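Before any comments, here is the structure.
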Protein chains: 2
Amino acid sequence: MGRMPERVPGRLPGSPPTLADVAERAGVSRQTVSNAVNNAELLRPDTLERVRAAIAELGYLPNRAARNLRTRSSHLLGLRISPHLEGTAEATMDRFVHSLVEASRGAGYHVLLFDAVDRTDPLAGYDDLLRATAVDAFVVTDTYLGNPQAGLLDERGAPFVAFGRPWDDPGAPHPWVDVDGAAGTRLATDHLLDRGHERIAWIGWRKDSTIGEDRRSGWSSGLRDRGLPTSGLASRVEDTVASGREASAVLLDEARPTAFVCASDTLAIGVLHTLADRGLSAGRDVAVVGFDDSQAAQLVLPGLTSVRQPLEQVAVEVVRALEGVMTHQPRPEPGLLLVPTLSVRGSS
Amino acid sequence: MGRMPERVPGRLPGSPPTLADVAERAGVSRQTVSNAVNNAELLRPDTLERVRAAIAELGYLPNRAARNLRTRSSHLLGLRISPHLEGTAEATMDRFVHSLVEASRGAGYHVLLFDAVDRTDPLAGYDDLLRATAVDAFVVTDTYLGNPQAGLLDERGAPFVAFGRPWDDPGAPHPWVDVDGAAGTRLATDHLLDRGHERIAWIGWRKDSTIGEDRRSGWSSGLRDRGLPTSGLASRVEDTVASGREASAVLLDEARPTAFVCASDTLAIGVLHTLADRGLSAGRDVAVVGFDDSQAAQLVLPGLTSVRQPLEQVAVEVVRALEGVMTHQPRPEPGLLLVPTLSVRGSS
DNA sequence: CGACTCCTTTGGATCGTTCCAGTCAGCGTA
DNA sequence: TACGCTGACTGGAACGATCCAAAGGAGTCG
């Protein structure tokens, strides 16, 4: 001992302490400090305490870059955010981001946000981060567009978990977590049936939207199971307030429903507008249920009953699945389907 | 040449190529490849092309961890997200996050999200990331609570830029970017005055909210400058729909205003509810203006006119300021105040 | 023709951590 | 006493990039 640590003279006083600083202070080797941090059970109790004291005194925290380099992992999860989602999907995504950050922290990960330089390239951003080993894994959320991402990432051996089912390839091997939309609309439909409604209309998206058709099926199965008709009671339109408004006006004229189930809050708010136009009371005269439980659903006048996705739970399961992927644990099932709940408000 | 690269045999075929791989392929030294990436002007044109070809063939991208370790910088910006903000502030924050990710990318940075383990500690999360040199700088957004962060981060020499003024210490030296709330409400007030309104009411937050008082001042100065009265026309309440509804009912009864300017969309929607209760038409009978231009403002029935914060511009300026901070460039002014715009819709 | 530039390129050291092989002391057993 | 064995700790090498000083080559000039 007594050897001068060579690098100290040149160090700025403000720069954080290193493993070597702690080692010198505790009178042990660097490796022993490393073990104190990562494998405490390898140390004798008294040594451990001495090292821990030195760590506390100096306020030492391992340098991330050095650790990342050595262990070939960054403890970062990449999440690509779409520049601007349409309608209420944006709010859903934001609620998910919050939940994901929280769930990731519990597992020792941080969330790295990135966006697509070139929106036409499905792998834009992903590929660069992967090759630069800047993230350990991805959370893929933009799967609803006919996700080429999943397949492409799988090909490159990139670890990831998708929030959203592989609609176009139900047998896809990659792990995913999703919310059962049909169960949500079924919940909504049963809720309305329980309130005595028998003529319940559907306003959803165009037929080429698989998510839209899934949500629709919850409505139709709910009516069919009670022997009630669905024909003439469904409409498929764009996801805008104006479309919901028009579609509901037509349905009211032609099919006289007493309740509406909608594929989104945006459409449901369109229905509320139609009711207001006609002097009908939402909730009393005609019931309305939306989907997403957006902020707007809480703010509009009678309060909009809406299907709420369990995003906190989705985030937790996504992180759990990611841990499995990164440790190469085999999974019994690639997918996990969670059940939404219903936020009941004045509109029903 | 001809020397076998020692490390190749042990490398997994899937692991990304390194500087050494590129160097060997191009027949140059590692340093030359490094220069080709970072200081292209140092290379002779033909060498540069050869190296670039090798980089392209191998799909090389510098390893982030190694670069971070050597250069002592991570090219990451830390952003702490609050677990759950109240009301429409959450939507504002999310729009800002999107803009920040985009602006950061332009400057070669990514955004790292984190949240507070312990919400009572103002530096929770910040300190750890700083000591672990996990981020280069922070974007501090939660300054409206009487920001102890700014001072504490300044003390530790942490580079950061705040979105939000240092209300409690106007002379604070740290850089910040903010939106001029008073200018926004002034814009709203002038807009209503131009439409012929003379009795314009204010519904804002409690007096201890500095932001609320700032926004209020735009309304009061607008009226004073035209010699119109403000007394009896202002109300200060909680930021909820119910409060806005009650406050507007009282004001309508006692002061008979023909227009309302509100400190938030949440309050403005409360006003809309009161108008609907009384069979008054928003826009025709009574005009209403909100603040934040939230999604709900676009969805509610006549459309809510609202003050829109230029968050894209804020993000760009925050990143610009951060670049200045990190290169230790002196700043003429610590702060920058941006002017909002007005999104005019049916409610006015 | 040798000395002196200047420009390009190179090898070694380094950032701070973890992996790996090995040292050393202490203890039980023959 | 000699031997092996185990547990606690150590020193050197490695991860993959950049910084630094110095080497090599081409061109200029006395």
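These figures come from a predicted structure and were not determined experimentally. Each chain gets a letter, A, B and so on, in the order the sequences are listed, and its residues count up from 1.
For A:Arg70 against D:dA14, a side-chain N or O and a base N or O form a donor-acceptor pair under 3.5 Å. A donor and an acceptor atom never sit less than 3.5 Å apart when one is taken from the side chain of A:Arg67 and the other from the base of C:dT17.
For the contact set between residues 29-40 of chain A and DNA chain C, defined by any heavy atom under 4.0 Å, the members are A:Arg30, A:Gln31, A:Ser34, A:Asn38. Annotation: proximity of residues 43-62 of chain A to DNA chain D (heavy atom, distance under 4.0 Å) is found for A:Leu43, A:Arg44, A:Thr47, numbered in ascending order.
In the helix from C:dC1-D:dG30 to C:dA30-D:dT1, the end axes, each obtained as the rotation axis mapping the C1' atoms of four pairs onto the next four within a five-pair block, lie 70° apart to the nearest 10 degrees.
Every residue meeting the side-chain contact (heavy atoms from CB on, under 4.5 Å) condition with A:Glu317, not counting sequence neighbours, appears here in chain and number order: A:Val177, A:Arg320, A:Leu336, A:Leu338.
For the pair B:Val111 and B:Ser104, the tightest heavy-atom approach, listed with the atom from each and the gap, is CG2-OG, 3.6 Å. Nearest approach of B:Thr133 to A:Pro16, heavy atoms of both residues: CG2-CG, 3.9 Å.
Side-chain atoms of A:Asn63 and B:Arg131 include no donor-acceptor pair closer than 3.5 Å. For the 3.5 Å distance criterion, the side chains of B:Asn68 and B:Ser74 fail to qualify, holding no donor opposite an acceptor. In this structure, a donor-acceptor pair under 3.5 Å is present between the side chains of A:Asn38 and A:Arg67.
Ion pairing between A:Asp115 and B:Arg105 holds under the 4.0 Å rule for side-chain N and carboxylate O.
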Atom pairs and distances, side-chain donor-acceptor, residues 41-57 of chain A, under 3.5 Å, sequence neighbours left out:
unit_1	atom_1	unit_2	atom_2	d
A:Arg44	NE	A:Asp46	OD1	3.1
A:Arg50	NH1	A:Ala26	O	2.9
A:Glu57	OE1	A:Arg25	NE	2.5
A:Glu57	OE1	A:Arg25	NH2	2.5

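Taking the six-membered ring where the residue is Trp, the centroids of B:Phe160 and B:Tyr126 are separated by 6.0 Å or more.
Whole-Å rounding puts the A:Glu41 CD to D:dC9 C1' distance at 15 Å. Rounded to a whole Å, the CG atom of B:Leu69 is 9 Å from the P atom of C:dC15. Look at CZ on B:Arg64: it is 18 Å from C1' on C:dC15, rounded to the nearest Å. Atom pair B:Asn68:CG and C:dT17:P shows a separation of 14 Å (rounding to whole Å applied). Rounded to an integer number of Å, the gap from B:Leu19 CG to C:dT10 C1' is 13 Å. In this structure, A:Arg131 places its CZ atom 17 Å from C1' of D:dA17, rounding to the nearest Å. Whole-Å rounding puts the B:His75 NE2 to D:dA17 C1' distance at 13 Å.
The salt bridge (charged side-chain N to carboxylate O under 4.0 Å, His left out) pairs that include a residue from residues 154-163 of chain A are A:Asp127-A:Arg156, where partners are two or more places apart or lie in different chains.
For the pair A:Arg72 and D:dA14, the criterion of a side-chain N or O lying under 4.0 Å from OP1 or OP2 is not met.
Two residues, B:Gly27 and A:Asn63, neighbour DNA chain C, and the one matched to the more 5' nucleotide by heavy-atom proximity is B:Gly27.
Between A:His75 and A:Tyr109, the ring planes are parallel. Angles under 30° get that label, and only those over 60° would be called perpendicular.
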